[in-house]
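Order of the sequence lines fixes the chain letters, A, B, ..., with proteins taken first and strands second; residue numbering starts at 1 for each chain.
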Amino acid sequence: MKKDFSHREIEKKWQDIWEKKGVFRVSNRIGEREKKYYLLEMFPYPSGELHMGHVSNYAIGDTYARYLRRNGYKLLYPMGYDAMGLPAENAAIKKGIIPSEWIKKCIANMMVQQRQLGLSYDWERLVNTSESEYYRWNQWIFIKFLEKGLAYKKKAAINWCPSCGTTLANEQVENGKCWRCASDVEIRIKEQWYFKITEYAEELLNDLDGLYGWPEAVKIQQRNWIGRSSGAIVRFKLEDSDYSIPVFTTRPDTLYGSTFLLLAPQHPEIMDIASGNKEEIQRFINETAVTSIKEKEVKEKKGIYLGINAVNPLNGRSIPVYIANFVFMEYGTGAIMSVPAHDQRDFEFAKKYGLEIVEVIRGSDTKYDGTCAYEGPGKLINSDKFSGMESRQAIEEITSYLEETGKGAKSVQYKLRDWLISRQRYWGTPIPVVYCEKCGIVPVKECDLPVKLPGDVEFTGKGNPLETSSGFRQTSCPECGGTASRETDTMDTFVDSSWYFLRYINPHTSDKPFKTEEVNSWLPVDQYIGGIEHAVLHLLYSRFFTRALCDLGLVNFREPFRNLLCQGMVVKDGSKMSKSRGNVVTADEINMKYGADTARLFILFASPPEKDLEWSDEGINGCYRFLKKLWRMVQEETDTAKKPDEGSPDDKFLHLLHNSVKSVTIDISRDFHFNTAIARIMELVNGLRDYPPGSQERRMGLKTAVNLIGPFSPHIASEMWELLGGEKILDEEGWPEYDEKIISRTRTVMEIPVTVNGKLREKLLVSPDTPDADILKLAKEKEKVRQFIDGRKMIKEIYIPKKIINFVVKEV
RNA sequence: GCCGGGGUGAUGGAAUGGCAGACAUAGCGGACUUAAAAUCCGCUGGCGCUUAAGCGCCGUGCGGGUUCAAAUCCCGCCCCCGGCACCA
């Protein structure tokens, strides 16, 4: 009799069987009676080494995948690699390895480790975004976007990461630092390519309401990021000029209190309207416009007078026009009307430059007191015919008045900016346009795609390596055939991940990105699993892409991910496990010691999936012990010559069995509470010790326990299933069923806690068919209960059937 | 500052209005063993009473409230984590 199991042997055996039999492959055709399910994990950047954070992500997905298959779903469960991006390029700079070679090795390593974890992907659908067969479709989509006006080029203030040597989208700057390398981001002016995500701002916002399967936290983050504000655009005419300056405000009710205007330093019309010292103004602009946005601290407010005044459109007052360093060009109209009495920023500015402050809103309990702005709502004062009105109403009426008199209009603005996709790096998708002196910007012809990354480049660590290729840049114009130069910017790698989930359906299709009909039949993704750090990045970009592709007629749905599970981070020493932080516990080291089955079981048992987990080996041994125990019981069982007895198993056992199956099923399917599901399986196994080897209870219970543990620890479960005489391999077996009727029929005794004034005094054991009145009577007869009710006045007798009794008594 | 999420034994966690601490880990005690490992059994929230079986009181960040009953709902506060941060 073998005592312990050899995880290495068993895991290898079953991985080979699964692969040989192609158990997890799935065809694109969905039969009429088949229930399809698309389960997806956020694909990884192939760092080359899996750590426990990855294991957590994949264990959640794979366990659920195996559960779904066993419950009759036709399951699509693919894996791929987000293989473009800076780390590979940095490796090239540091170690002189070509990125494509480097990344191939990394992917190979990742795949080996993923297989060793026993993940049940359909490997034939592998997607690698760094292959030209993938990224050519980025280029193709780019050209479609260009044709539709969804891709465009503009010169604007951009975020520049000096360490990565490239521009960044707004979403990729966190607290003024680069999301990848945490360097301070600088603001520069640069001409760059953008995707027009703002075109979908309203829809991206509104449709969040329909995403019932998404965590509220993610939806809120997206809502805040999109940042919708409604208000009015008000035009301020300049004195002695035909110019007027439009400003956006959410508080038209404060318009009478507007005593100056502020323009963003980058405002394009400054030099046309300024009449002060232009040199000084230019100096101010230079100082403030291009700067670092490193800040937790709010910068000191600074401004400069333009030497010109505007007219307040309501009261005709002459008000000065300034430039101010805290006004954003990218938001609203790049100009604001300042109401110092009712906006703290304007208040500070007014104090600094000695500008007039006029109170126009008076709140009921707080109001403007001269020390700081009053920003709340209230009754209007000093506002002509609007005086006395409440803010809410005044906003409406003043806006209508502005519309009637042609001085303004209702307006909605968003914080969301267009997605800057240009990157000055090599290891990304070349943007497929050329610059022709005669024809201007010309897209590469579809038939000439892909524009491949050239091999003859130098990685010096300075500048864009693409510019060092001798042949890449020089090309001919697709329109006129004349000499032209190729764009050397590549795309943000978030472009790759914005549609990879569609490519899994047709990973090898070479004449289009994917087959629309098949994609429509599988998508949206039924369950997506990934980290919350992508709440606004990848998840917002993908929602935008899906809509844009829908409007291009390429898909027929607008939301890509129906349900979203954000798993918690695996944390070590206080920060997220990652190779760059050097705090990883690798999947390999855990795997060597305990095996994949234990590693998976433990990480799922340690906490519910959405919670962060501070990694610790403490406890993993418990899961290892549990599997060993189960294994030993199965060995005992197969060693027993005795045939299981006939007749029906005892009620206590049946109750335990069916209840266990029920709990495990509910815990997995309702809310991914794998930790409690595993606890229930442990209880079942512990309960089986009451029955001797060879008894039918033991035999039945073991089979069920092995079956239930299958999704979590698939190798050893498959092996045990075989040992127990399972005919099919476990992953092709059905999921155990439970019978609610058996659960209630076999409930032999009911334990009813009896409390007096809410304090537990006794537990009453009764048969489940005892009438309620008798239960109360029995409870009152109990010695322990009488101690607390005798001689006192009974106020109330509460019996919540099958749950609890509470007697409310009063001292007399 | 604003918006989220959270705070339960020594530890990971369970319980979402009805027995607080399931299931584990760690610890302690015992069995087996020459010994250790492995395995198995028992105990394990705090305080107090009791020779003992047992019993009582307290206890889910803090303070109040609702309720027959609160970790769970409501109000106020403290602390931790995450996101946003001069967006007019």
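No donor-acceptor contact under 3.5 angstrom links the side chains of A:S713 and A:D597, judged on distance only. No side-chain N or O of A:E614 forms a donor-acceptor pair with one of A:S616 less than 3.5 Å apart.
Between the side chain of A:E751 and the base of B:rC19, at least one donor-acceptor pair of N or O atoms lies under 3.5 Å. With hydrogens and angles ignored, a donor-acceptor pair under 3.5 angstrom links the side chain of A:K301 to the base of B:rC86.
For RNA chain B, if you chain together Watson-Crick or G-U pairs that step i with j, i+1 with j-1 and so on, the runs of at least three with distances under 3.5 Å are B:1-7 with B:78-84, B:10-12 with B:23-25, B:27-31 with B:39-43, B:45-49 with B:54-58, B:61-65 with B:73-77.
Listed by residue number, there are no residues of residues 251-264 of chain A with a heavy-atom contact under 4.0 Å to RNA chain B.
Base orientation of B:rG45: anti (glycosidic angle beyond 90° from 0).
The CG atom of A:L760 sits 13 Å away from the C1' atom of B:rC55 (whole-angstrom rounding). Protein atom CZ of A:F602 is 11 Å distant from nucleotide atom P of B:rA26, rounded to whole Å.
The same atom, P, is picked in B:rU11 and in B:rC84; the two are 32 Å apart, to the nearest Å.
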Just the table, please: protein N/O against nucleotides 37-47 of chain B N/O, every pair under 3.5 Å.
| from | atom 1 | to | atom 2 | distance (Å) |
| --- | --- | --- | --- | --- |
| B:rU39 | O3' | A:R632 | NH1 | 3.4 |
| B:rC40 | OP1 | A:R689 | NH2 | 3.2 |

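Ion pair A:R680/A:E683 flagged as a salt bridge, since at least one NZ, NE, NH1 or NH2 atom sits closer than 4.0 Å to an Asp/Glu carboxylate oxygen. Between A:R228 and A:E202 there is a salt bridge, since a side-chain N of the basic residue sits under 4.0 Å from a carboxylate O of the acidic one.
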